[in-house]
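Worksheet: one structure, shown below.
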Amino acid sequence: MRRPVLPGFGLATGVTGVYLGLLVLLPLAGLLAKAGTTEPGRAWALFADPRTLSAFRVSFGVSAGAALVSVPVGLLLAWVLERYRFPGRRLLDAAVDLPLALPTAVAGIALTTLYVPDGWMGRLLAPLGIAVAFTPLGIGVALLFVALPFVVRAVQPVLAGLDPEADEAAVILGATPWQAFRLVVLPPLLPAVATGAALGFARAVGEYGSVIFIAGNRPMVSEIVPLLIVTKLEQYDIPGAALLGAAMLLLSFVLLAGINRLQGRSGGRHAA
Amino acid sequence: MPRSRPGLGEAPAWRGLLIGAALLLAAWLLVLPLLVLFVEAFSGGVAAFTAAVTNPDAAAAIRLTLVVAAIVVPANTVFGVAAAWCITRFRFRGRRLLQVLVGLPFSVSPVVSGLVWVLMFGAQGWFGPLLSDTGLRIVFALPGIVLATLFVTLPFVAGQLIPLMGAQGVAEEEAALVLGATGPQMFLRVTLPKIRWGLLQGVLLCSARSMGEFGAVSVVSGRIRGLTNTVPLHIEVLYQEYDIAAAFGVATLLAGVALLTIVLRAGLDLRGEALRVRGSQARLAVAA
Amino acid sequence: MIRVQGLSKQVGATRILDELSLHVAEGGFVALLGPSGSGKTTLLRVIAGLEHADAGTLHLAGRPARDLPPGGRGLGFVFQGYALFEHMTVARNIAFGLHVRRPRPPRREIADTVERMLALVRLPGLGDRLPSQLSGGQRQRVALARTLAVEPRILLLDEPFGALDRQVREELRGELRRIHDALGTTTLFVTHDHEEAMALADRALMLDRGRLVGERAGQGRPAGAVVAAHAPQDRPAWPLSPANRILEA
């Protein structure tokens with residue numbers, strides 16, 4: 001314990017502890033307790049239900065796909081934003097915040113309108129035989145929108161903190177631009193890339209608002225886990241909703257622990 | 001381009017290509033959805049837009065959303081300052097736990113953030129029987145919406161302040177105390193000015209999210225028109241009823257709030273102070 | 001070996017290099033002195049191809065070098081901040097220039113060169129360390145070894161010892177001179193330390209506001225050396241040597 005010179009320890013800690021206890025700890029414990037007190041048979045039936053399994057498959061598969069696609073796109077955006085000066089740069093930087101700032105329902109209806117067969121994008125894709133709206137691909141488009149800022153924002157500060165002289169040293173030593181990027185710039189960025197992708201994935205798995213409009217929500221095809229939870233609630237299947245919610249919660253704990261470890265690595269060297 | 005450094009020695013053509021690709025991707029993935037929003041909103045003309053946003057149900061939704069924000073934002077601001085103060089200024093047992101709990105709502109699915117309150121105060125919830133005896137309604141009423149929004153937006157102010165105050169250190173506060181300042185004087189005259197831009201950013205993000213939250217609120221609201229519909233829920237109702245122009249009209253209100261948040265944050269970034277927190281912002285999963 | 005003529009560079013309203021001309025003979029060891037902002041570092045970076053001048057010519061080994069890429073100029077550059085690749089081991093750092101060469105030299109040859117360089121900078125056995133595990137002086141030795149591994153004919157050093165404490169600095173000075181003499185490179189190094197310049201170089205050039213304003217013989221090499229021909233003895237002022245006076249005109 002540090003010498004308690006500064007005032008307010010009791011007040012601040014008390015407020016924080018009570019607030020977090022009532023608003024975070026208690027409800028989350030309530031969820032886990034509700035799920036834990038369900039009969040095992042019921043839980044088994046739920047998690048063996050093909051519809052449940054399909055929802056998990058869709059949620060995880062499409063989120064992983066979106067997170068993967070967000071890596072090259074995010075790297076490109078971060079690179080261009082940090083390394084080049086060009087007209088519109090600040091605007092581009094601000095645009096990266098759009099998915100974070102735009103309410104999910106608003107993004108959801110906008111994306112759907114773009115990608116329905118007679119929408120701006122849908123019209124271009126329909127002749128190619130590509131259907132986006134109301135398919136898993138549509139979920140992917142929405143989740144890419146949601147996940148994109150995380151890689152950009154995770155990579156940017158690390159890229160900015162790299163020593164520009166290291167690039168110059170590589171170039172003078174005869175490296176081609178691609179070699180310099182691959183051997184000198186990219187390796188120190190990798191932990192940040194992984195952190196960003198993991199954050200994007202975590203966000204995508206739980207995403208609801210921007211997905212449900214474009215997904216079509218067909219059971220076994222384009223139904224995501226968060227929607228299945230809502231469906232259970234609407235059918236008054238409270239234990240089922242609690243079980244699925246608890247599964248999602250435990251999953252976010254696991255992801256959070258992983259992300260913390262990644263950040264330990266990406267933050268460590270550049271903290272000083 | 002005023003750039004003398006050779007970077008990696010890539011040819012100017014390559015730079016142009018990369019910049020072009022980035023702008024194109026951003027236009028397609030990020031800007032196009034925003035554009036279609038405004039085009040659709042005014043597709044029925046200005047009169048239709050005005051009618052959509054002044055409709056009594058819309059007005060009720062706007063009022064409810066503002067009431068929720070007016071409760072949630074001050075509460076989470078006070079909490080955020082208190083949490084940042086105790087986490088960055090003292091070392092004590094349980095500090096790590098508090099820190100983890102502060103960030104936790106970021107990683108929880110919005111649907112789960114609503115579900116937990118249904119499981120607490122719903123008819124089949126832990127306190128359900130107790131509540132039905134007293135006749136107090138929480139779920140499918142204002143208190144539930146407020147609780148869900150509190151939960152979802154809880155990390156925003158604290159998440160801005162913790163890295164900022166951690167980096168700032170305590171030297172100035174200690175100097176103020178040595179010079180004879182009382183606790184409140186020290187806080188108002190030294191701490192608050194030091195953290196004001198970070199605090200403002202947190203409040204902005206918290207406000208925007210509290211007005212735009214959809215998943216968590218949709219689970220606890222019950223969607224009673226004119227009563228428990230917030231603006232995002234009202235948009236969904238309009239959209240499901242194929243009143244597309246009206247849905248987009250109301251959606252532009254929230255998009256306007258989002259754009260304002262981005263512009264103000266960019267302005268705050270220009271003040272330089274925020275740039276230093278950038279890294280940690282990304283860490284705490286940035287914004288909404 | 002290095003011939004610079006009429007080099008000018010302006011950033012905004014500031015003239016960083018002002019029709020600067022100078023000549024460093026093959027095998028020469030020349031120090032660039034001058035107050036901060038006098039253009040020393042910029043000159044070095046222009047010679048290395050890291051920055052471009054607005055006007056003037058640059059010849060390296062008799063060939064025009066203005067349009068050569070930094071990696072094609074046959075020179076090595078040692079940065080003040082070392083610029084080591086922090087994620088690579090010391091050995092990988094030293095091997096980098098050979099590793100990116102096309103065609104890549106055989107693995108055995110690269111390993112031999114790394115060992116030779118480690119011995120040259122007196123860090124044998126440290127090849128497996130990461131830069132973060134080394135002291136400042138050791139880091140600068142690695143930077144030097146990395147630069148020398150590609151056998152540059154010209155060695156440029158930007159305040160190479162600026163960040164080191166006195167004892168390490170003096171030790172490394174001796175090493176640098178020894179390596180220069182052993183390899184026969186042409187060396188141009190920037191410093192703000194008069195004493196260091198005079199002790200180490202056979203010629204010291206004084207820059208001010210982007211111009212060459214004087215030069216002096218140093219004690220780096222006794223009389224009889226290549227540059228002694230136009231390096232006058234014991235003059236209190238800093239007159240330009242005939243060679244550079246012609247270039248300035």
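Per chain, numbering begins at 1; letters A, B, ... match sequence-line order. Remember, predicted model here, so these are calculated numbers, not experimental data.
Looking at R177(C) and D181(C), a side-chain N of the basic residue comes within less than 4.0 Å of a carboxylate O on the acidic one, giving a salt bridge. In summary, D167(A) and R83(A) engage in a salt bridge, as defined by a charged side-chain N under 4.0 Å from a carboxylate O. We find that E26(C) and R153(C) are not joined by a salt bridge, their nearest charged nitrogen and carboxylate oxygen being 4.0 Å or further apart. Taking the charged nitrogens against the carboxylate oxygens, D93(A) and R90(A) have no contact shorter than 4.0 Å, which rules out a salt bridge. Ion pairing between D193(C) and R173(C) holds under the 4.0 Å rule for side-chain N and carboxylate O.
In this structure, L32(C) and F189(C) have side chains that are not in contact, with every pair of non-hydrogen atoms separated by 4.5 Å or more. The closest side-chain heavy-atom distance from F85(C) to R92(C) is not below 4.5 Å. Inter-residue side-chain proximity for I16(C) and Q10(C) is flagged as unmet; no heavy-atom pair is nearer than 4.5 Å. Residues T186(C) and L155(C) form no side-chain contact, since every pair of their non-hydrogen atoms from C-beta on lies 4.5 Å or further apart.
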ask   = Where do D158(C) and K40(C) land on the salt bridge (Lys or Arg N to Asp or Glu O under 4.0 Å) test, with the steps shown first?
value = CA-CA 9 Å; D158(C) 186 7; K40(C) 311 181 296 275; over 6 Å; no
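For F77(C), the parts sitting under 4.5 Å from any heavy atom of chain A are the backbone and the side chain alike. Using a 4.5 Å cut-off between heavy atoms, L98(C) makes no contact with chain A at all.
Close approach to chain A, defined as a heavy atom under 4.5 Å from one of its heavy atoms, is seen in R146(C), T147(C), V150(C) of residues 141-151 of chain C, taken by number. Proximity to chain C among residues 67-78 of chain A is not found for any residue, judged by heavy-atom separations below 4.5 angstrom. Identified by a heavy-atom distance below 4.5 Å to chain A, the contributing residues of residues 100-108 of chain C are V100(C), R102(C), in residue-number order.
The only option from L20(C), D18(C), V4(C) that meets the side-chain contact (heavy atoms from CB on, under 4.5 Å) definition with L212(C) turns out to be L20(C).
Looking only at distances, a side-chain donor or acceptor of R169(C) sits under 3.5 Å from a matching main-chain atom of L164(C).
Here side chain to side chain donor-acceptor pair (under 3.5 Å) pairs that include residues 130-139 of chain C, with residues two or more places apart or in two chains, are E86(C)-R139(C), S135(C)-Q138(C).
For F201(A) and F150(A), the gap between ring centers reaches or exceeds 6.0 Å.
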